[in-house]
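One structure is given here, and the rest of the page talks about it.
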There are 2 protein chains.
Amino acid sequence: MMNAPDSDDTARRPVRADRDDLLGSGSAPGRERADAARNRQRVLDAATELFASGDPRAVTMEQIARAAGVGRATLYRRYPDVASIATALLDDHERDLQQRLLCGRPPLGPGAPPAERLAAFFAAMVDLLECFGFLLLARETGPARYAAGAYDFWRVHVAALLREAGVDGAGPRADLLLGAVDPELYRHQRTRLTPAQITAHLDWLAREVLA
Amino acid sequence: MMNAPDSDDTARRPVRADRDDLLGSGSAPGRERADAARNRQRVLDAATELFASGDPRAVTMEQIARAAGVGRATLYRRYPDVASIATALLDDHERDLQQRLLCGRPPLGPGAPPAERLAAFFAAMVDLLECFGFLLLARETGPARYAAGAYDFWRVHVAALLREAGVDGAGPRADLLLGAVDPELYRHQRTRLTPAQITAHLDWLAREVLA
DNA sequence: GATCAAGTGGTCATGATGTCCACTTAGGAC
DNA sequence: GTCCTAAGTGGACATCATGACCACTTGATC
């Protein structure tokens, strides 16, 4: 599962922005209490476990609370719904990919031709989907894919590549291309194909579109 | 309330195939009872109304039963869940498009080059999404898009076009292209673009891929 | 009109949701 | 070391959807 139960960097870094508001209120020490940090970790571990086994979209707040050994109100205090828990778990991994897109080495980062970079982005997306697809599916309960902040980032990135290649209407066309890496679609394809095969097909799409 | 309790043409045409099974069982008269037909129509009307107003995925069996003025058990007798009601409502329209793909006039039907036919299919899909997108979204509660029988049809069709154009791995690549007409994605794009604009972008995709 | 089964709707047990409130406890102040 | 305060916690509650069960009603056939 997740490693390092004692790595308090995850506890120290607020997962939701509303923590910052709370920090501002206290006089001196807005620090997170030890028991709160412990329970937060329990919740995240239990949620990871639940998401990974079975249908991620069928996981309920009640199940997570029970598995983590905390009351439901404790859960609702920090996370309004299941999707936000999945988002918290995804945060690090998505930001990592975003960093590599912005200033990593080519072909993922700047420096390679657009077609190469798009293909590399697709490949990285397959990695993300393969490792954390269950989290991405868990997040898509209700408001869905396009409400998440990460989507906008992928969209801007792909649109920039299209624009760089001289394609008109980069924004909407980026949406169309991102449809190819929809978590639900990936799950569907994954029943028949290996990640490498899916990557190869996405590679074809990237090069065909940015000929 | 609803009009025309005597309009039995809608009552006579079975919406789901399972009616045929019931017809075959009785000795002489497997006919649907008049009150059953009336209630069926009420349910379908009420469901259409509910799906169209507000979030189609938030509609519950309870709401439909109440709006239709029937008990919940009456609803469950014919439809196991909300998705199956949406499927029943979509049936005719999807079959109509399927017919036009198989034996309609070009460029939708046979006779035109693959790129043209793919573009025409995308355009027809936009029409379907525009008129009945709320039903398509309503169907995607839980088991989702790929469980519906219609998806396989679109997949086979697009794969055949790819194969005709000499593309390898037609099946999986058809999946990728169909990601561009995902109902959820369409809804998202529709907040910024007109159907005509979306069609134009899909046209670009079709011609770029089947260059 | 009598009969029978299909059709109908109320009821029940179950489980999830989100909120509220009284209690506990961590961590700084003195 | 003890006291205090507020953050943190968890049980309880009201609400709602689910899906199944069962007794009653009604339509179609004889």
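Just the heavy atoms: all of them, side chains too, but no hydrogens, waters or symmetry mates, feed the values below. The structure displayed is predicted, hence computed values, not measured ones. Below, read A as the first sequence line, B as the second, and so on, with proteins coming before strands; counting in each chain starts at 1.
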From the list [options], which nucleotide is the closest neighbour of the side chain of [X]?
{"X": "Ala73(B)", "options": "dG8(D), dC21(D), dT17(C)", "value": "dC21(D)"}
{"X": "Arg77(B)", "options": "dG7(C), dG9(C), dG10(D)", "value": "dG7(C)"}
{"X": "Arg72(B)", "options": "dA16(C), dA6(C), dC12(C)", "value": "dC12(C)"}

For [X] and [N], give me the distance from atom [atom1] to atom [atom2], rounded to whole Å.
{"X": "Glu62(B)", "N": "dT17(C)", "atom1": "CD", "atom2": "C1'", "value": "15 Å"}
{"X": "Arg78(A)", "N": "dT9(D)", "atom1": "CZ", "atom2": "C1'", "value": "11 Å"}
{"X": "Leu75(A)", "N": "dG10(D)", "atom1": "CG", "atom2": "P", "value": "10 Å"}
{"X": "Arg42(B)", "N": "dT8(C)", "atom1": "CZ", "atom2": "C1'", "value": "12 Å"}
{"X": "Ile64(A)", "N": "dG15(C)", "atom1": "CD1", "atom2": "P", "value": "18 Å"}
{"X": "Tyr76(A)", "N": "dC21(C)", "atom1": "OH", "atom2": "P", "value": "18 Å"}
{"X": "Arg40(B)", "N": "dA6(C)", "atom1": "CZ", "atom2": "C1'", "value": "13 Å"}
{"X": "Met61(A)", "N": "dT19(C)", "atom1": "CE", "atom2": "P", "value": "10 Å"}

Original post:
Do you know which of Arg190(B), Arg139(B), Arg57(B) makes salt bridge (charged side-chain N to carboxylate O under 4.0 Å, His left out) with Glu184(B)?
Top reply: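 The salt bridge (charged side-chain N to carboxylate O under 4.0 Å, His left out) with Glu184(B) is passed solely by Arg57(B) among Arg190(B), Arg139(B), Arg57(B).
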**OP:** Tell me whether the OP1 or OP2 atom of dG7(C) has a side-chain N or O from Asn39(B) closer than 4.0 Å.
**Re:**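 No.
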Subject >> All ring pair (Phe, Tyr, Trp, His ring centres under 6.0 Å) counterparts of Phe121(B), not counting sequence neighbours >> reply: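 For Phe121(B), the residues satisfying ring pair (Phe, Tyr, Trp, His ring centres under 6.0 Å) (neighbours in sequence not counted) are Trp154(B), His157(B).
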**OP:** List for me each residue that meets salt bridge (charged side-chain N to carboxylate O under 4.0 Å, His left out) alongside Asp152(A), sequence neighbours excluded, and say none if there are none.
**Re:**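 Asp152(A): no salt bridge (charged side-chain N to carboxylate O under 4.0 Å, His left out) contacts found.
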Original post:
With sequence neighbours left out, what residues match Arg105(B) under salt bridge (charged side-chain N to carboxylate O under 4.0 Å, His left out)?
Top reply: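 Result, salt bridge (charged side-chain N to carboxylate O under 4.0 Å, His left out) vs Arg105(B): none returned.
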Original post:
How do Thr60(A) and Gly71(B) order along DNA chain C: which one's closest nucleotide is nearer the 5' end?
Top reply: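 Mapping each residue to its closest nucleotide by heavy atoms, the 5'-most match is Gly71(B).
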Original post:
Applying salt bridge (Lys or Arg N to Asp or Glu O under 4.0 Å), which residue pairs with at least one partner in residues 192-201 of chain A are found, sequence neighbours left out?
Top reply: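 Of all non-adjacent pairs touching residues 192-201 of chain A, none passes salt bridge (Lys or Arg N to Asp or Glu O under 4.0 Å).
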Original post:
Which part of the nucleic acid, if any, lies within contact of Arg66(A), taking any heavy atom under 4.0 Å across all strands shown: a base, the sugar-phosphate backbone alone, or nothing?
Top reply: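 Here Arg66(A) touches the backbone only, sparing every base.
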Original post:
Hey, does Thr74(A) reach any base, or is it just sugar-phosphate, or nothing, if we go heavy atoms under 4.0 Å?
Top reply: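 Contact class for Thr74(A): base.
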So which protein nitrogen or oxygen atoms get under 3.5 Å of nucleotides 24-26 of chain D's nitrogens or oxygens?
residue	atom	partner	partner atom	Å
dT26(D)	O2	Arg33(B)	NH1	3.2
dT26(D)	O2	Arg33(B)	NH2	3.3

**OP:** Could you name each residue pair satisfying ring pair (Phe, Tyr, Trp, His ring centres under 6.0 Å) that touches residues 176-199 of chain A, not counting sequence neighbours?
**Re:**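 Matches after skipping sequence neighbours: His188(A)-Tyr146(B), His188(A)-Tyr151(B).
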Original post:
For Leu137(A), does its backbone N or O pair with a side-chain atom of Glu140(A) as donor and acceptor, under 3.5 Å?
Top reply: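 Judged by distance alone, no pair lies under 3.5 Å.
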